[in-house]
Peer 1: 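Here's a structure for you.
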Protein chains: 2
Amino acid sequence: MTNATDFILLNTLLNTKLQKGVEGQLSLHGISFTEFMIMHQLMQAPNHTLRRIELADQISITASGVTRVLAPMEKIKLVEKQANPRDARVSLVKLTEAGERIYTEALVSFEHSAESLMSNVSAGQLDEMLKLSGKLL
Amino acid sequence: MTNATDFILLNTLLNTKLQKGVEGQLSLHGISFTEFMIMHQLMQAPNHTLRRIELADQISITASGVTRVLAPMEKIKLVEKQANPRDARVSLVKLTEAGERIYTEALVSFEHSAESLMSNVSAGQLDEMLKLSGKLL
DNA sequence: GAATTATAATTGACTACTCAAGCATTAGTC
DNA sequence: GACTAATGCTTGAGTAGTCAATTATAATTC
């Protein structure tokens, strides 16, 4: 049993724990973890707008996954579809004002639970993990 | 944006990458990541046997998830069901000889891909990640 | 500039789970 | 030792995705 193997198995369990912990808080805002990740990416994009494929790449799901996650978000107007005048194939996704508000509120809850879930490591150790995870990505 | 939040989001992407990387190799042996985790736990258990609930806890899925994953594994005889004479409610799961063989073969592939996926960090850094992940679990 | 190839997005069919309800069986209580 | 509560497991219904095929548009090549 190598350490690399051990790490992958351990990290799988850790990831499940972290995700469940955060999801509990996000559900109070009516959004899922995946929806939060989508809004998080849109929030950082210029004009709060991205192509569906870029979104897919950034959160590591398929294009069809993006279509399926966005459908209900459009219905409740968290995001809106926009055409790209230069290329009729692409449909741009934009975070609405309402979406921006919900995201900002949800982010507070996310950060609180994140801090609490990570409270067993020091600030320095957290920096180290961030750095090393970045190298692996 | 706190580092704790950043870490959780980053780790989610990392986990997806690691899991997909390993799954590609495991599929050559005809097993999924979850099936591998189950066999891995059984392999380490006394007499290669565990209760379904213990299995569920150890790999962080629900009891019903365990039932659903094990069904096809029983059909192809990777594991077998055993009654517990002391308590008729529990049904024990045991790794068969065939299961043991498949696991051992699959483990080699798992370790190779794990090493390769983790090759961007040093042995010391890997130890550090293992230690810190352990603290968070 | 017509024909071929590539890209963006969606859809139908499937998979791998979860959750809530149910059925046995065992444990705890009086 | 009968009654209630708790535990172990399974099942039906639902959810969040994947993959392969399809449609529409754009880019490339000849």
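Below, chains carry the letters A, B, ... as their sequence lines are ordered, and counting in each starts from 1.
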Peer 1: Under 4.0 Å, counting only non-hydrogen atoms across every strand here, what does B:Arg68 touch: a base, just sugar-phosphate, or nothing?
Peer 2: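 Contact class for B:Arg68: base.
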Peer 1: Determine yes or no for a side-chain-to-main-chain donor-acceptor pair under 3.5 angstrom, with B:Lys17 supplying the side chain and A:Ser60 the backbone.
Peer 2: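 No; zero donor-acceptor contacts below 3.5 Å.
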Peer 1: Does the side chain of A:Ser64 get closer than 4.0 angstrom to OP1 or OP2 of C:dT11 through an N or O atom?
Peer 2: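 It does not, given that no N or O in the side chain of A:Ser64 lies less than 4.0 Å from OP1 or OP2 of C:dT11.
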Peer 1: Starting from C1' on C:dT18, measure out to CZ on A:Phe33 and report it in whole angstrom.
Peer 2: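 Nearest whole value for this atom pair: 17 Å.
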Peer 1: Contact class for A:Val69 vs. all strands (heavy atom < 4.0 Å): base, sugar-phosphate, or nothing?
Peer 2: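 Touches sugar-phosphate only.
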Peer 1: When rounded to the nearest 0.5 angstrom, what is the spacing between CG in B:Leu14 and CE in B:Met129?
Peer 2: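 One finds 6.5 Å between CG of B:Leu14 and CE of B:Met129.
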Peer 1: Does the side chain of B:Leu132 reach to within under 4.5 Å of the side chain of B:Lys135, using non-hydrogen atoms?
Peer 2: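 Yes; the side chains approach each other to less than 4.5 Å.
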Peer 1: Looking across every strand, which nucleic acid part, if any, lies under 4.0 Å from A:Thr34 by heavy atom: base, sugar-phosphate, or nothing?
Peer 2: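 Since only primed, P, OP1 and OP2 atoms lie under 4.0 Å of A:Thr34, the category is sugar-phosphate.
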Peer 1: Are side-chain N/O atoms of A:Glu100 and A:His48 paired as donor and acceptor at under 3.5 Å?
Peer 2: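 Judged by distance alone, the side chains do pair up.
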Peer 1: Are any side-chain N or O atoms of B:Thr96 and backbone N or O atoms of B:Leu78, one a donor and one an acceptor, separated by less than 3.5 Å?
Peer 2: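 Checked: pair present.
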Peer 1: Any chance you could measure A:Met37, atom CE, to A:Ile31, atom CD1, to the nearest 0.5 Å?
Peer 2: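 Interatomic distance, A:Met37 CE to A:Ile31 CD1, rounded to 0.5 Å: 11.5 Å.
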Peer 1: Kindly compute the distance separating CG (A:Leu136) from NZ (A:Lys131), expressed to the nearest 0.5 Å.
Peer 2: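 With rounding to 0.5 Å, CG (A:Leu136) is 11.5 Å from NZ (A:Lys131).
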Peer 1: Specify whether A:His40 and A:Tyr103 have parallel, tilted or perpendicular ring planes, treating 30° as the upper limit for parallel and 60° as the lower limit for perpendicular.
Peer 2: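 The rings of A:His40 and A:Tyr103 sit tilted, inter-plane angle from 30° to 60°.
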Peer 1: Find the distance between CZ (A:Arg52) and CG (A:Leu70) and round it off to the nearest 0.5 Å.
Peer 2: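 CG of A:Leu70 is found 5.0 Å from CZ of A:Arg52.
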Peer 1: Can you tell me how far apart CD1 (B:Ile102) and CD1 (B:Ile76) are? Round to the nearest 0.5 Å.
Peer 2: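 Rounded to the nearest 0.5 Å, the CD1-CD1 separation comes to 7.5 Å.
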Peer 1: Atom CZ of A:Arg51 to atom C1' of C:dA9: distance rounded to whole Å?
Peer 2: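 From A:Arg51 CZ to C:dA9 C1': 11 Å.
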Peer 1: Let me spell it out: for each of A:Glu74 and A:Lys20, pick the nucleotide of DNA chain C with the closest heavy atom. Which residue's pick is nearer the 5' end?
Peer 2: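 Closest to the 5' end, via its nearest nucleotide, is A:Glu74.
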Peer 1: Which distance, rounded to the nearest 0.5 Å, do you find between the CD of A:Gln82 and the NZ of A:Lys94?
Peer 2: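 Separation between the atoms: 5.5 Å.
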Peer 1: For nucleotides 24-28 of chain C, print each protein N/O atom paired with a nucleotide N/O atom at under 3.5 Å, atom names and distance only.
Peer 2:
{"unit_1": "C:dT26", "atom_1": "OP1", "unit_2": "B:Ala88", "atom_2": "N", "d": "2.8"}

Peer 1: Under 4.0 Å between any heavy atoms, over every strand shown, what does B:Lys81 touch: base, sugar-phosphate, or nothing? Just pick one.
Peer 2: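 Since only primed, P, OP1 and OP2 atoms lie under 4.0 Å of B:Lys81, the category is sugar-phosphate.
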Peer 1: Could you state the CD-P distance from B:Gln19 to C:dT15, rounded to the nearest angstrom?
Peer 2: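 Checked: the CD to P distance equals 19 Å.
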Peer 1: Given axes from five pairs at either end, by how many degrees does the helix from C:dG1-D:dC30 to C:dC30-D:dG1 bend, rounded to 10°?
Peer 2: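 Rounded value for the end-axis angle: 20°.
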Peer 1: Between which nucleotides of DNA chain D, 5' to 3', does chain A make heavy-atom contacts below 4.0 Å?
Peer 2: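 On DNA chain D, the outermost contacted nucleotides are D:dG17 to D:dA26.
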